[in-house]
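A short write-up of the structure that comes next.
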Amino acid sequence: MKVGFIGTGSMGSLLLEALIDSGSLAPNQVYASNRTPEKVIRLQQRHPGLHVCTSNAETAHNSDLIFLCVKPLQFKAILDEIGSTLRPDQMVVSITSPVQIHHLESALCCKVAKIIPSVAHRVQSGVCLCMYGSRIKEEDRQLIEHLLSPISKPILIDESFVRITSDLSSCGPAFLSFFLDQWINAAVETTGMDRGELTWIAGEMLLGTGKLLTQGGFTPHELQKRVTVPGGITAEALALLDSSLTGVFHRLIATTHGKYKEDLEKCDAQFGGPGAD
């Protein structure tokens with residue numbers, strides 16, 4: 001199977017390299033293009049055999065499955081560029097949440113899917129959210145999930161829940177890293193302890209906590225109860241967090257959903273959908 005990548009920015013290159021490093025793809029199976037060709041050339045230097053394409057149409061023409069790894073408002077122009085090149089048996093997979101499957105199916109003759117990857121795939125971990133269009137057959141779904149399984153846990157979701165699930169799976173590493181960064185900064189300023197050692201301790205703690213939630217049979221609430229002794233240090237600190245963070249996660253969700261709605265309306269306008277004039 002030949003796999004194309006249109007767009008090799010932050011997430012596109014991460015996905016491409018994770019698939020190669022895991023052995024899911026060999027470099028000579030990969031065709032890639034970017035509006036900044038030097039980015040693809042650097043990938044080729046790291047992964048000899050990778051095919052550098054001079055246009056997005058060339059990438060699409062040579063690939064059985066094409067990942068579209070560009071920003072939402074770049075999609076319409078990309079689809080106009082590659083649409084006449086595509087065949088019904090090919091698959092196009094978007095990794096961008098505001099671009100809807102119906103947008104893609106309205107513009108393309110081929111099979112269409114959408115995934116939301118995570119930065120955690122770089123270490124062959126994390127959840128990959130999967131959504132499938134009406135032309136995707138069971139064997140197509142199995143092919144996509146077989147490709148992604150070495151770097152992630154692919155799960156099927158309803159597209160209507162893509163934003164809230166992405167908050168956890170895709171944005172979550174940034175949100176948790178922000179929390180840890182603030183905590184570590186305060187610890188360094190208060191105690192003078194080495195930042196690198198504290199960061200390593202925090203990372204191991206986060207890794208272990210994830211395993212307790214996914215393998216240890218704990219819910220987040222149960223884990224809090226297991227660690228907390230009534231009247232103890234953890235209980236006092238949790239009470240502080242509870243009072244200080246009241247409403248913050250509802251506001252977080254309102255913020256991510258608000259931005260998603262804004263981007264979705266812009267995509268609808270481009271594709272002549274519900275939000276178009």
Side-chain angles (χ1 to χ4, degrees), residues 2-16 30-40 43 51-117 128-136 140 144 157-167 170-171 256-277:
K2 299 175 183 178
V3 178
F5 289 83
I6 294 178
T8 58
S10 177
M11 189 52 73
S13 62
L14 184 147
L15 182 61
L16 184 158
V30 176
Y31 293 76
S33 53
N34 192 281
R35 61 183 178 179
T36 306
E38 290 76 18
K39 291 185 177 181
V40 187
L43 287 169
H51 301 274
V52 176
C53 298
T54 58
S55 70
N56 296 324
E58 182 185 352
T59 298
H61 174 75
N62 284 292
S63 305
D64 303 304
L65 185 155
I66 304 107
F67 286 106
L68 297 184
C69 310
V70 299
K71 295 178 180 178
L73 296 185
Q74 296 174 346
F75 261 77
K76 187 61 170 63
I78 295 290
L79 298 185
D80 289 344
E81 181 182 354
I82 70 173
S84 61
T85 305
L86 294 170
R87 306 177 305 274
D89 62 302
Q90 290 174 288
M91 283 188 282
V92 164
V93 181
S94 163
I95 72 163
T96 307
S97 64
V99 178
Q100 304 293 286
I101 286 174
H102 71 81
H103 292 146
L104 299 170
E105 289 193 327
S106 70
L108 301 174
C109 68
C110 64
K111 304 170 186 180
V112 166
K114 181 161 81 174
I115 68 164
I116 306 299
C128 188
L129 308 175
C130 301
M131 294 142 277
Y132 300 104
S134 61
R135 301 168 197 153
I136 292 284
D140 301 320
I144 291 171
I157 65 159
D158 189 291
E159 193 176 23
S160 63
F161 294 123
V162 67
R163 184 60 263 148
I164 191 61
T165 49
S166 296
D167 283 355
S170 186
C171 301
T256 59
H257 279 60
K259 175 58 175 169
Y260 175 74
K261 182 180 178 183
E262 176 187 319
D263 288 345
L264 178 56
E265 289 173 351
K266 291 177 180 177
C267 289
D268 277 337
Q270 279 200 337
F271 284 91
D277 292 332

Query raised in the report: Partners of Ser33 by side chain to side chain contact (heavy atoms under 4.5 Å, CB included), sequence neighbours excluded?
Result: Ile6, Cys53, Asn56, Thr59
**Report entry** Worked check of side-chain contact (heavy atoms from CB on, under 4.5 Å) between His51 and Asn62
**Finding:** CA-CA 10 Å; His51 301 274; Asn62 284 292; over 6 Å; no
Using atom types as modelled, flag every donor-acceptor pair under 3.5 Å from a side chain in residues 110-117 to any protein atom, sequence neighbours excluded.
{"from": "Lys111", "atom 1": "NZ", "to": "Asp140", "atom 2": "OD1", "distance (Å)": "3.2"}
{"from": "Lys111", "atom 1": "NZ", "to": "Asp140", "atom 2": "OD2", "distance (Å)": "3.1"}
{"from": "Lys114", "atom 1": "NZ", "to": "Ser97", "atom 2": "O", "distance (Å)": "2.8"}
{"from": "Lys114", "atom 1": "NZ", "to": "Val99", "atom 2": "O", "distance (Å)": "3.0"}
{"from": "Lys114", "atom 1": "NZ", "to": "Glu159", "atom 2": "OE2", "distance (Å)": "2.7"}

Query raised in the report: Residues two or more places apart in sequence or in another chain: which of them pass salt bridge (charged side-chain N to carboxylate O under 4.0 Å, His left out) with Lys39?
Result: none
Query raised in the report: What residues form a salt bridge (charged side-chain N to carboxylate O under 4.0 Å, His left out) with Lys266, not counting sequence neighbours?
Result: Glu262
Query - Summary of salt bridge (charged side-chain N to carboxylate O under 4.0 Å, His left out) pairs that have at least one residue in residues 89-103, sequence neighbours excluded - result: Arg87-Asp89
Report task. Apply side-chain contact (heavy atoms from CB on, under 4.5 Å) to the pair Leu104 and Leu79, showing each step before the final yes or no. Result -> CA-CA 8 Å; Leu104 299 170; Leu79 298 185; 3.8 Å; yes
Report task. Could you tell me which non-hydrogen atom of Ser13 sits nearest to which non-hydrogen atom of Ser10, and how far apart they are? Result -> OG-O, 3.3 Å
Report task. Scan for ring-ring contact (aromatic ring centres under 6.0 Å, His included) pairs involving residues 57-97, sequence neighbours excluded, and state none if there are none. Result -> Phe5-Phe67
Query raised in the report: Is there a side-chain contact between Val3 and Met91, using heavy atoms and a 4.5 Å cut-off?
Result: no
**Report entry** Distance, nearest 0.5 Å, that separates OG of Ser94 from CD1 of Ile78
**Finding:** 11.5 Å
Query - Atom pair CG (Leu108) and OG (Ser84), whose distance is rounded to the nearest 0.5 Å - result: 10.5 Å
Report summary line: For Gln74, the side-chain hydrogen bond (donor to acceptor under 3.5 Å, both in side chains) test, sequence neighbours excluded, returns none
Report task. Could you pull out all residues at least two apart from Thr36 that satisfy side-chain hydrogen bond (donor to acceptor under 3.5 Å, both in side chains)? Result -> none
Requested in this report: Quick one: closest heavy-atom pair of Leu264 and Pro98, and the distance?
Outcome: CD1-O, 3.4 Å
Report summary line: Shortest non-hydrogen pair, Ala107 vs Phe271, comes out as CB-CE2, 4.2 Å
Report task. For Leu65 and Val93, run side-chain contact (heavy atoms from CB on, under 4.5 Å): C-alpha distance rounded to whole Å, both residues' side-chain angles, the deciding distance at 0.1 Å, then the answer. Result -> CA-CA 7 Å; Leu65 185 155; Val93 181; 4.0 Å; yes
Requested in this report: List in chain and number order the residues that pass side-chain hydrogen bond (donor to acceptor under 3.5 Å, both in side chains) with Ser63, two or more places apart in sequence or in another chain; answer none if no residue qualifies.
Outcome: none
Report task. Mind running side-chain contact (heavy atoms from CB on, under 4.5 Å) on Leu129 and Phe161 for me, showing each step along the way? Result -> CA-CA 10 Å; Leu129 308 175; Phe161 294 123; over 6 Å; no
Report summary line: For Asp167, the side chain to side chain contact (heavy atoms under 4.5 Å, CB included) test, sequence neighbours excluded, returns Arg163, Ile164, Cys171, Ile253, Thr256, His257
Requested in this report: Look at the side chain of Gln90 and the backbone N and O of Ala60, then say whether any donor-acceptor pair between them is shorter than 3.5 Å.
Outcome: yes
Query raised in the report: Applying salt bridge (charged side-chain N to carboxylate O under 4.0 Å, His left out), which residue pairs with at least one partner in residues 51-79 are found, sequence neighbours left out?
Result: Lys76-Asp80
**Report entry** CD1 on Ile82 to CD1 on Ile66, rounded to 0.5 Å
**Finding:** 6.0 Å
Requested in this report: Could you list the residues that satisfy salt bridge (charged side-chain N to carboxylate O under 4.0 Å, His left out) with Asp158, not counting sequence neighbours?
Outcome: none
Query raised in the report: Would you say Glu105's side chain and His103's backbone share a donor-acceptor pair under 3.5 angstrom?
Result: no
Query - Nearest non-hydrogen partners of Gly133 and Ile101, listed with the distance - result: CA-CG2, 3.6 Å
